[in-house]
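Structure record follows, encoded as structure tokens.
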Amino acid sequence: MADWQRTHTCGELRDTHIGETVTLNGWVNTYRGYNNQVFVDLRDRYGLTQVVFESDAPELSQLANSLGREYVLSVTGKVRARLPGKDNPKLVTGKIEVQAEKARVLNACPTPPIEITEFGNELANEDIRLQYRYLDLRRKTLQDTLIMRHKLCKTIRDYLDQREFLEIETPLLGKSTPEGARDYLVPSRLYHGEWYALPQSPQLYKQLLMVAGYDKYFQIARCLRDEDTRADRQPEFTQLDLEMSFVEMDDIFKVIEGLSVAIFEKCLGIALPTPFQRMSYAEAMLKYGSDKPDLRFGMEIVDISALAANSEAKFFQEIVAAGGVVRGLNVKGAAAKFSNSELKPKGKIVEFANRYGSKGLSYVKVEADKITGGLEKFFTPEAQKELLTAFNAEPGDLLLIVADKEAVVCDALGALRGHLASLLKLFDPKTFNILWIVDFPSFMRDEEENRWVALHHPFTSPRDEDLAHMESDPGKVQAKAYDLVMNGYEVGGGSIRIHSPEVQSRVFSMLGMPEEDAKARFGFLLDALKFGAPPHGGIAFGLDRWAMMLAGTTNIRDVIAFPKNAKARDVMTGAPALVDKKQLSDLGIK
RNA sequence: GGGGACGUAGCUCAAUUGGUUAGAGUACCGGACUGUCGAUCCGGUGGUUGCGGGUUCGAGCCCCGUCGUCCUCGCCA
């Protein structure tokens with residue numbers, strides 16, 4: 001061992017080490033200097049240790065005076081107790097300090113463009129932090145997050161290994177398949193003009209592994225989708241991909257609930273109650289306007305279509321007559337919290353709702369002896385009472401009502417519900433709510449393309465009892481599909497798959513894919529299903545979103561070591577970037 | 001592709017709504033200080049107000065264009 005190499009980490013020393021001579025390696029976190037005495041907090045990922053330079057030796061004091069933030073240092077010295085009353089209770093190493101006897105600068109550092117130490121909430125802008133990501137990653141919160149993410153993966157591997165799951169890798173270079181997200185394409189050098197696609201998920205490969213008899217599979221797999229980003233979405237992300245043979249939905253639920261409990265226990269020390277609540281897709285859409293409802297707070301949506309249709313309001317009557325719905329939220333006690341101008345056309349609240357396609361929003365402020373807001377003239381006193389009863393409204397409440405096509409009403413009210421809850425702080429952001437959404441429809445009508453599309457994906461098995469009317473009434477077919485939802489985020493989704501080649505062919509043709517097309521695109525799957533495919537199903541966990549939940553952040557870039565920015569660029573390396581002409585000509589691209 | 005917010009010192013922000021020399025905190029540099037720990041105190045350096053054009057006696061502020069960042073709608077089976 002070289003004489004500068006560490007004997008201990010910066011988070012390790014306690015009063016039991018007093019008297020020992022140790023060597024620490026780390027970064028200068030903070031520097032507090034005097035004439036003849038310099039305090040340095042030396043940092044590594046394990047913690048901070050205070051080092052004191054108070055030697056008379058000119059070499060050592062000269063070195064101490066030349067130090068700067070983020071210098072990389074090796075210090076050898078004796079562990080000693082701090083002076084009485086000078087302990088630092090904020091540090092686990094706060095009872096001791098290392099008196100430097102020998103020190104060596106392993107590397108200097110110019111003034112960092114961003115501050116590494118964290119206090120207050122004064123982080124630099126994200127773009128500059130991403131540009132110097134290796135500096136930002138030195139921050140304790142980011143280190144803690146990545147350590148947590150490691151624990152998450154370790155827990156997953158341990159838990160599944162104990163249950164005889166096999167971790168198997170699947171290809172990155174695959175074949176582009178239609179439907180779904182836009183593919184990232186990779187040109188082939190050996191076959192000019194032909195392209196690989198990077199996987200959107202290992203979906204088909206894991207089904208083929210089931211056919212091959214690997215009846216419990218998982219993979220912590222990178223997935224790539226060339227779509228626009230969001231706060232919780234970037235082009236490459238990680239899934240825990242899992243598949244099992246000879247199972248039904250309840251078997252998957254059991255594994256995932258057990259795994260979730262293990263994750264919360266290991267990562268946060270929280271005991272999650274099981275079994276998880278289950279809610280039908282229909283109920284979620286009706287009561288929460290979303291297929292990923294946040295149940296940390298109430299504020300359920302109330303349907304008043306019948307009441308509205310019987311009112312004097314022509315716009316309500318017309319919308320209901322045309323098959324639309326009228327629904328609303330009771331924002332308890334919020335009547336005084338929003339001005340009328342926020343609630344009128346062009347107001348903030350209305351504009352927010354209208355982003356989701358609604359063309360307006362009615363509001364009712366409930367007062368002790370009357371209601372106000374503009375709707376009151378359309379409702380008889382009796383109808384007003386019914387309205388208040390429907391909403392369980394009391395004086396001081398604010399009712400927000402949207403009338404439109406059902407999908408628009410759900411979207412607008414669902415988004416409004418979440419928006420208002422965080423605005424009014426209706427829930428504790430440190431709590432967790434987890435549930436299954438089940439009973440999804442298999443197919444949805446794509447109005448633009450005028451065809452049926454799979455809500456989940458085309459390999460999802462319909463319920464056995466719905467197979468008979470799949471062609472005659474596709475809208476009524478329900479899928480053996482399930483989503484795992486936490487705090488309003490979809491953190492997992494899966495299904496029991498189709499294992500019959502006939503059913504799979506019927507679904508493809510339902511989706512408007514002629515047999516030749518299906519064969520060209522998915523022939524390998526149809527073939528595989530013929531050769532003795534077992535019943536199987538599985539799930540994909542959004543690992544980044546799980547890490548977000550555990551870390552208490554809403555930004556996916558906080559849980560990825562080297563993320564892309566909102567425009568899909570890696571601002572540190574500059575990717576994507578131009579390449580040499582030679583590289584392109586090798587690939588047959590001019 | 002659409003909408004919104006933003007861009008001022010290395011970093012975080014301010015500038016009385018168009019008015020004199022663009023300020024503060026922090027960082028950095030120098031000085032003081034023998035127990036600090038977000039050290040403190042004193043002093044100092046630091047600016048093409050993203051970039052280009054325009055309006056004006058005068059622009060950080062208004063207008064047009066452009067680049068960039070974040071959020072969002074569409075999109076993400």
Side-chain angles (χ1 to χ4, degrees), chain A residues 29-43 48-54 56 65 68-70 80 82-91 93-94 97 99 110-132 135-136 177-183 200-201 203-204 223-235 237 348 351-358 411-412 415 419 440 442-444 446 448-449 452-460 479 481 490 493 495 507-508 511 513 540 542 554-555 557 565-567 569 571:
Chain A
N29 191 63
T30 48
Y31 176 97
R32 301 176 288 277
Y34 290 81
N35 266 352
N36 298 311
Q37 191 173 37
V38 170
F39 295 95
V40 166
D41 286 339
L42 205 62
R43 184 196 70 235
L48 292 174
T49 300
Q50 175 163 288
V51 176
V52 194
F53 294 83
E54 52 189 8
D56 296 331
N65 285 317
R69 264 161 219 264
E70 301 306 315
R80 70 182 189 193
R82 295 201 181 186
L83 292 183
K86 298 294 180 186
D87 289 1
N88 184 350
K90 286 187 215 158
L91 299 180
T93 61
E97 63 196 8
Q99 183 185 14
T111 303
I114 58 174
E115 290 181 42
I116 314 296
T117 50
E118 297 179 301
F119 45 91
N121 290 314
E122 279 202 358
L123 288 182
N125 279 331
E126 209 178 356
D127 50 338
I128 194 138
R129 283 165 41 214
L130 288 175
Q131 188 187 338
Y132 296 97
L135 296 181
D136 201 34
T177 51
E179 307 208 38
R182 194 176 295 114
D183 284 318
Q200 299 179 21
S201 86
Q203 179 62 34
L204 293 173
C223 305
L224 298 106
R225 297 178 187 175
D226 188 3
E227 298 292 348
D228 284 351
T229 65
R230 283 288 186 283
D232 65 341
R233 222 167 71 187
Q234 68 144 34
F237 59 100
K348 265 188 193 168
E351 292 288 296
F352 179 89
N354 287 354
R355 289 210 294 247
Y356 298 85
S358 62
D411 271 6
H419 180 64
F440 284 87
S442 275
F443 309 107
M444 266 179 29
D446 184 327
E448 274 180 27
E449 296 192 28
W452 291 96
V453 292
L455 185 74
H456 206 70
H457 59 54
F459 320 109
T460 298
E490 183 194 323
S495 61
V507 168
F508 282 146
L511 298 175
M513 200 186 297
T554 54
N555 181 345
R557 294 178 295 275
N565 75 1
K567 285 273 163 62
R569 190 175 281 285
V571 293

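Values in this document were obtained by computation on a predicted structure and should not be read as measured data. Each chain gets a letter, A, B and so on, in the order the sequences are listed, and its residues count up from 1.
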Looking at [N], does its base get a donor-acceptor pair with the side chain of [X] below 3.5 Å?
| X | N | value |
| --- | --- | --- |
| A/Arg233 | B/C75 | yes |
| A/Glu97 | B/G35 | yes |
| A/Gln50 | B/U36 | yes |

Span that lies between the [atom1] atom of [M] and that of [N], in whole angstrom:
| N | M | atom1 | value |
| --- | --- | --- | --- |
| B/C67 | B/G25 | P | 38 Å |
| B/G3 | B/C11 | P | 30 Å |
| B/C70 | B/A24 | C1' | 25 Å |
| B/A22 | B/U8 | C1' | 8 Å |
| B/U45 | B/G53 | C1' | 34 Å |
| B/C13 | B/G65 | C1' | 28 Å |
| B/G44 | B/G52 | C1' | 36 Å |
| B/G23 | B/G47 | C1' | 12 Å |

Distance in angstrom units between [X] [atom1] and [N] [atom2], rounded:
| X | N | atom1 | atom2 | value |
| --- | --- | --- | --- | --- |
| A/Glu118 | B/C37 | CD | P | 20 Å |
| A/Leu135 | B/G10 | CG | P | 17 Å |
| A/Lys90 | B/G38 | NZ | C1' | 7 Å |
| A/Ile116 | B/U12 | CD1 | P | 14 Å |
| A/Ile114 | B/U12 | CD1 | P | 10 Å |
| A/Glu227 | B/U72 | CD | P | 16 Å |
| A/Asn65 | B/U36 | CG | C1' | 15 Å |
| A/Asp446 | B/C75 | CG | P | 9 Å |

Residues two or more places apart in sequence or in another chain: which of them pass ring pair (Phe, Tyr, Trp, His ring centres under 6.0 Å) with [X]?
| X | value |
| --- | --- |
| A/Phe508 | A/Phe522 |
| A/Phe53 | none |
| A/Tyr356 | A/Phe352 |

Mind checking if [X] touches a base, just sugar-phosphate, or nothing, with heavy atoms under 4.0 Å?
| X | result |
| --- | --- |
| A/Gln234 | nothing |
| A/Arg80 | base |
| A/Leu455 | sugar-phosphate |
| A/Asp87 | base |
| A/Leu83 | base |
| A/Pro458 | base |
| A/Arg32 | base |
| A/Leu511 | nothing |
| A/Thr30 | sugar-phosphate |

- Item | Verdict with reasoning, A/Gln234 to A/Asn565, per side chain to side chain donor-acceptor pair (under 3.5 Å) | CA-CA 8 Å; A/Gln234 68 144 34; A/Asn565 75 1; over 6 Å; no

- Query: Is the shortest side-chain N to carboxylate O distance from A/Glu115 to A/Arg129 below 4.0 Å?
  - Reply: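 So A/Glu115 does not pair with A/Arg129 through a salt bridge.
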
Is it the case that the side chain of [X] and the backbone of [Y] share a donor-acceptor pair, with hydrogens and angles ignored and the cut-off at 3.5 Å?
| X | Y | value |
| --- | --- | --- |
| A/Arg225 | A/Asp183 | no |
| A/Thr49 | A/Leu42 | no |
| A/Gln200 | A/Ala181 | yes |

Rounded to the nearest 0.5 Å, how far does [atom2] of [Y] lie from [atom1] of [X]?
| X | Y | atom1 | atom2 | value |
| --- | --- | --- | --- | --- |
| A/Asn88 | A/Glu97 | CG | CD | 11.0 Å |
| A/Asn29 | A/Arg69 | CG | CZ | 8.0 Å |
| A/Phe237 | A/Asp232 | CZ | CG | 11.0 Å |

If [N] has a Watson-Crick or G-U wobble mate with both distances under 3.5 Å, name it; if not, just say none.
| N | value |
| --- | --- |
| B/G30 | B/C42 |
| B/G25 | B/C11 |
| B/G68 | B/C6 |

Distances under 3.5 Å between protein N/O atoms and the N/O atoms of nucleotides 28-32 of chain B, please, pair by pair.
from	atom 1	to	atom 2	distance (Å)
B/C28	OP1	A/Arg69	NE	3.1

Name the pairs: protein N/O against N/O of nucleotides 69-71 of chain B, kept only if under 3.5 Å.
from	atom 1	to	atom 2	distance (Å)
B/U69	OP1	A/Asn565	ND2	2.7
B/C70	OP1	A/Ala566	N	3.1
B/C70	OP2	A/Ala566	N	3.4
B/C70	O3'	A/Arg557	NH2	3.2
B/C71	OP1	A/Arg557	NH2	2.8

Do any side-chain nitrogens or oxygens of [X] fall under 4.0 Å of OP1 or OP2 in [N]?
| X | N | result |
| --- | --- | --- |
| A/Lys86 | B/U36 | yes |
| A/Tyr34 | B/U36 | no |
| A/Lys348 | B/G4 | no |

- Task: Establish, from distance only, whether the side-chain atoms of A/Asn36 and A/Glu54 form a donor-acceptor pair under 3.5 Å.
- Result: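 Per modelled atom types, A/Asn36 and A/Glu54 side chains form no pair under 3.5 Å.
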
- Query: For B/U17, does the O4'-C1'-N9-C4 (purine) or O4'-C1'-N1-C2 (pyrimidine) torsion place it in syn, i.e. within 90° of 0, or in anti?
  - Reply: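 Here the answer is syn: the torsion falls within 90° of 0.
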
- Set of residues satisfying side chain to side chain donor-acceptor pair (under 3.5 Å) with respect to A/Arg32, sequence neighbours excluded: A/Thr30, A/Asp41, A/Gln50

- Message: By nearest heavy atom, map A/Asn88 and A/Ala124 onto RNA chain B; which one lands nearer the 5' end?
- Response: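 Its nearest nucleotide being more 5', the pick is A/Ala124.
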
